[in-house]
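First listed ligand is number 1; within each ligand, the first listed atom is number 1. Both backbone and side-chain heavy atoms feed into the values below; hydrogens, waters and symmetry mates do not.
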Amino acid sequence: MPKLRFSAFNEATNREPVDFEGSNLSSHSTIFAVNVFDRLKMKKYLSEEAYESVVTSIDEGKKIDRKIAGQVASAVKAWAIERGATHYTHWFHPLNGSTAEKHDAFLSIDKDGLPIESFQGDMLVQQEPDASSFPSGGIRNTFEARGYTAWDPSSPAFILEKTLCIPTIFVSYTGEALDFKTPLIKSLNALDKAAISVLEYFDKDSKKVFATLGWEQEYFLVDEALFNARPDLALCGRTLMGHAASRDQQLEDHYFGSIPERVSAFMHHFELEAYKLGIPIKTRHNEVAPNQFECAPIFEEANLAVDHNQLIMSLMSRIAREHKFRVLFHEKPFKGINGSGKHNNWSLMTDKGVNLLSPGRTPKNNLQFLTFLINTIKAVHDHAALLIGSVSSDANSHRLGANEAPPAIMSVFIGKTLSEVLDELEEKVSDKKLTPDEKYGLKLDVIGKIPEILLDNTDRNRTSPFAFTGNRFEFRAVGSSGSCASPMVVLNTAVANQLNLFKKEVDKLIEKGIKKDEAVIHCLREVIVDSKKIRFEGNGYSQEWIDEAARRGLPNICSPIEAFKTYLSDTSKKLFIENSVLSNRELEARYEIRNEIFVKKVQIEARVLGDLAINHIIPTAIAYQNVLIKNVEGIKELMPDQWKELASHQLGLIKEISEHIHEISRKVNEMVEHRKTANNVTDIIERASLYNNNIRPYFESIRSHIDKLEMIIDDEAWPLPKYREMLFIR
Ligand code: ADP
Ligand code: MG
C-alpha cells in the first residue's frame, strides 16, 4: 500500500489511509507537505522506472540500488533547488536526545573550474560525519572514531529553511547503532514479521503490519524576557526555586479554556510550518497547568511519527523565539503544578488499513482483535520494568512516582467492558476440549458481544500509565522532552516477542489436531491468566495502589538510575538480542550513555543552584536584612522605651533571614564537597549513583529555604521573576 508511509491515516474511520491532497484540511491542504519530497514529488521528478524501484524498495524495506540512488539524488536536488534550498544535510538522532545536522552546500566546482550545484547518489546514501562529538558509550573508543549516517528511505527528505534534510540512521564503523532510529527500524521489522505470522490465523491477505503512533506533545510557554531573567530556566530548562503562586491550577480553569491571543498566534504559526513539513497537526488546547498547552497530530506510521515529533520540537523552539516566547519541554519546569508528558498512542495497522486493536463486526474479527489486545497486555506485563526504564530520565523522574502521576508502576487499564470479556474468557474456557455448545456460547456471548465502537463507551482512566482507549493503547508515562523512539522500541519489541511466543503455543495445539479458533482461544486464556496482575482499573495515583502493586509483585521504579538498569536485566537482554533489535554491546553502551547524561544534567543543576543561591539569593537577603537592621536601629533611636515591641516583626525577620542564609550556605558547601568527591570517581555508573544519592537530595532542601526567603524579602528586591509572573500569559 504505497500511500501509507507518507500520508497519515484517516482518524475518523481509523481504517482507510487518506491522502492529504484533497483532504478536508481546506486551505491547509494546499500547503501540506510542500517541503517534503514525498511520493507525489518523486513521481514528478523521477523516471517511471526509478519511481517504481524506489517505492518497491521502501515498501519492502529493501536497500536502494546504487544506480537508482543516483537518479533519486539528482531528482531531490532539482526539487530542493527549485524550492530555494542551498544546502543539504543528513539528519539523524544521536543518543544525546537531540537531532544532528551538518550542512554542506550544493555548490561545487567542476573540472573546468566552474561553479555547479552538485548532489550525487553517494551523498544521498551515506555520509561520514565526525562522530567524536556524539555519545557512543565506549563503542567508538575501542574501535574507530568514525561513524556513518545512512539514508532511511522510509522517512522522506524535507526542506528546513534552506537546507535539504535527509533522514538517516547513525552507526559506528563497526556497525553498532549510535542513534535512536536504527533500533526503532529493527523493532518495527520484528513487529511486522511477528504480527503477520499471527495474523495468518485470521487474514491471509495482509502482507505487512505497521505500528502506528500518534503523540500528544505537552509544553509550557514562558515570556522571553522573564525566561532570560531566570538562569535556571535558561540553563536547566526548569526552575530550581520559586515559591508557588497564590493561584495556579486549583481553579482548574485553564484546561480547554480559551487560548490567549499571543499564544494562539504562535500556535498558528508553528502549525503552518508543520503542515509544510507534512506533519498533520490536528489538535491544540490548553493543558491543566497555567501556561501549559498541548498539540497532537493525526497518527502516522511510527518511524515517521517519531521523526515528526523531533521535528516539531525544534520547529516550536525556533518559532517561539519569533513570538518572544520560550517553549519548555522539560517534564517538570515548575514545582507544585502539573508537569508535561508526551502520551504515545500506539496501535497496529495492516497494509489493508485495518486497525488490529479495533474491535470488528463479527466474532472472527473480534477474536483477531482480542488476540492482539491480550498479547499486548502480556508484553507489557513481561517487560513492565523495561517500559518504565525506556521513559526514565532525571527530568521525567520529577513526574513518574514523584509529586504527580503517572506512577512509576506499570499497569494496564482496559475499561469495564473488556475486563468483563477477559474475565469471562478466563472463566468459561477450561483446560479440556470445548464442546460445540461451549464454543458457540463463547463466540456469541463473550467474543461476539464486544461493541464495535468501544471508543465512546470506554471509560477513561487518566491515572493509568498504559490505557486502552477504544482502538489503541495510550502510553502516558513518556516524558515531554525525550524521543518517542525509546518507548516505541521497547513496546514494539516486547509485543513482537510475545506474538512469536503465542504463535508457537497455538501451532503446538493445532499440530495436536485442535481446530485453529479453539487453539487460539485456549492460548488466549493462558495469556490472560499469566498477565492478570498487570491489569488495574482503579486510581493509579492512590497509596492503596502502591501497596496493592507491591503485593502483586509489580516493579515500582522511582529512581532513574535504577530504571536505567532495567536494560541490562537478563529478561531485557534476551528480548533485545533474540529479536535482533539491540546487541549486548549496544545495550551496555546505551546504559553508560544514559548514566553519563544523568550525571551531566544533575551536575549542571547543582552548579546553577549553587551559583544562584550564593550570588543572587544570599546577597539579596543580606541587603534586605540590612534595611531591616537600619530600620530597627531607627526605631530604637526614636522610641527607646517601646522599640522592642514596635520592631518585633522586623526583629523576627532579621533572625529568620539569618537562619535561612546560614542553612543555604552550609548546604551549598556540603553539596559542593559531594560533587568534588563524585567527580573524582572515574566509573560513570558509580558516579551517577553518587550524584543521585548524595547531590540530588540537596536540591529540594536548599530550595525550601530560598522559597521561604522569597516570601519574606521585599518583592521589589527579589532578583528573579516569580512563579506568578511567569505563569500567566495575558
Ligand atoms: P486524548 O487527549 O483524548 O487522548 P487527543 O486527540 O489529544 O486525544 O490525541 C489522541 C491521539 O491518538 C492523536 O494523536 C491521534 O491521532 C492518535 N490516534 C488515534 N488513533 C490511533 C491509532 N490507531 N494509532 C495510533 N494513534 C492513534
Ligand atoms: Mg490528550
Side-chain angles (χ1 to χ4, degrees), residues 4-5 7-18 20 23-25 188 191-192 195 209-219 254-256 259 267 271 274-275 278-289 292-309 311-313 338 340-360 368-369 372-373 376 405-406 413-415 452-478 480 484 487-488 491-492 495:
L4 204 83
R5 283 193 175 254
S7 61
F9 298 102
N10 183 342
E11 199 176 11
T13 62
N14 227 341
R15 292 204 161 84
E16 291 298 317
V18 139
F20 260 93
S23 83
N24 58 359
L25 275 173
L188 289 165
L191 182 58
D192 170 28
V209 171
F210 299 89
T212 51
L213 166 63
W215 38 261
E216 299 164 52
Q217 178 70 57
E218 294 179 340
Y219 60 96
H254 188 64
Y255 195 66
F256 286 141
I259 298 171
M267 288 175 167
E271 284 169 6
Y275 291 146
I279 308 172
I281 295 289
K282 176 89 173 166
T283 310
R284 52 156 102 135
H285 61 76
N286 291 347
E287 261 304 326
V288 176
Q292 194 187 25
F293 307 94
E294 179 187 296
C295 67
I298 297 170
F299 67 91
E300 300 172 284
E301 183 279 325
N303 180 31
L304 188 59
V306 169
D307 279 357
H308 280 171
N309 181 250
L311 208 50
I312 199 100
M313 289 198 287
N338 273 27
S340 299
K342 172 151 49 200
H343 303 173
N344 278 203
N345 294 272
W346 174 95
S347 190
L348 295 169
M349 188 168 279
T350 69
D351 54 352
K352 304 282 176 234
V354 174
N355 180 351
L356 296 174
L357 289 176
S358 200
Q368 173 186 307
F369 157 70
F372 287 97
L373 178 92
T376 304
F413 168 88
I414 54 173
E452 194 190 333
I453 298 294
L454 265 176
L455 218 50
D456 296 328
N457 63 16
T458 330
D459 24 344
R460 287 294 184 110
N461 182 330
R462 301 218 167 250
T463 68
S464 174
F466 202 90
F468 185 71
T469 52
N471 60 5
R472 60 188 187 267
F473 279 102
E474 183 172 351
F475 188 9
R476 304 176 65 246
V478 184
S480 48
C484 303
M488 289 297 102
L491 187 58
N492 294 339
V495 173

| query | Going by distance only, is there an N or O of Phe299 that falls short of 3.5 Å from an N or O of ligand 1? | reply | yes
| said: Please check: side-chain N/O of Thr212 versus main-chain N/O of Ser347, any donor-acceptor pairing under 3.5 Å? | reply: yes
| message | So for ligand 1, is Pro297 a polar contact partner (N or O within less than 3.5 Å, distance only)? | response | yes
| query | Any N or O on Arg472 sitting closer than 3.5 Å to an N or O of ligand 1? | reply | yes
| query | Going by distance only, is there an N or O of His285 that falls short of 3.5 Å from an N or O of ligand 1? | reply | no
| Do the side chain of Arg472 and the main chain of Leu357 share a donor and acceptor less than 3.5 angstrom apart? | no
| query | What atoms in ligand 1 come closer than 4.0 Å to a heavy atom of Asn355? | reply | 23 (N)
| query | With under 30° as parallel and over 60° as perpendicular, where do the rings of Phe473 and Phe468 fit, or are they tilted in between? | reply | perpendicular
| message | Any atom of ligand 1 sitting under 4.0 Å from a heavy atom of Arg462? | response | yes
| field | Check: Arg476 side chain, Arg462 main-chain N or O, donor-acceptor pair, under 3.5 Å | value | yes
| field | Pairing residues for Phe372 by the ring-ring contact (aromatic ring centres under 6.0 Å, His included) criterion, not counting sequence neighbours | value | none
| field | Close approach, Glu294 and ligand 1, non-hydrogen under 4.0 angstrom | value | yes
| Is the side chain of Glu218 donor-acceptor paired with the backbone N or O of Gly341 at a distance under 3.5 Å, no angle test? | yes
| said: Show the atoms of ligand 1 that are less than 4.0 angstrom away from any heavy atom in Ser347. | reply: 22 (C), 23 (N), 24 (N)
| Where does Lys282 meet ligand 1, judged by heavy-atom distances below 4.0 Å: at the side chain, the backbone, both, or neither? | neither
| field | Qualifying residue, where the test is side-chain hydrogen bond (donor to acceptor under 3.5 Å, both in side chains) with Glu294 and the options are Gln217, His285, Arg284 | value | His285
| task | Answer with side chain, backbone, both or neither: which part of Ile298 has a heavy atom less than 4.0 angstrom from an atom of ligand 1? | result | backbone
| Per-atom contacts of ligand 1 with Glu474, taking only distances under 4.0 Å to non-hydrogen atoms | 4 (O)
| task | Give a yes or no on whether the backbone of Lys342 and the side-chain of Asn344 come within a donor-acceptor separation of less than 3.5 Å. | result | yes
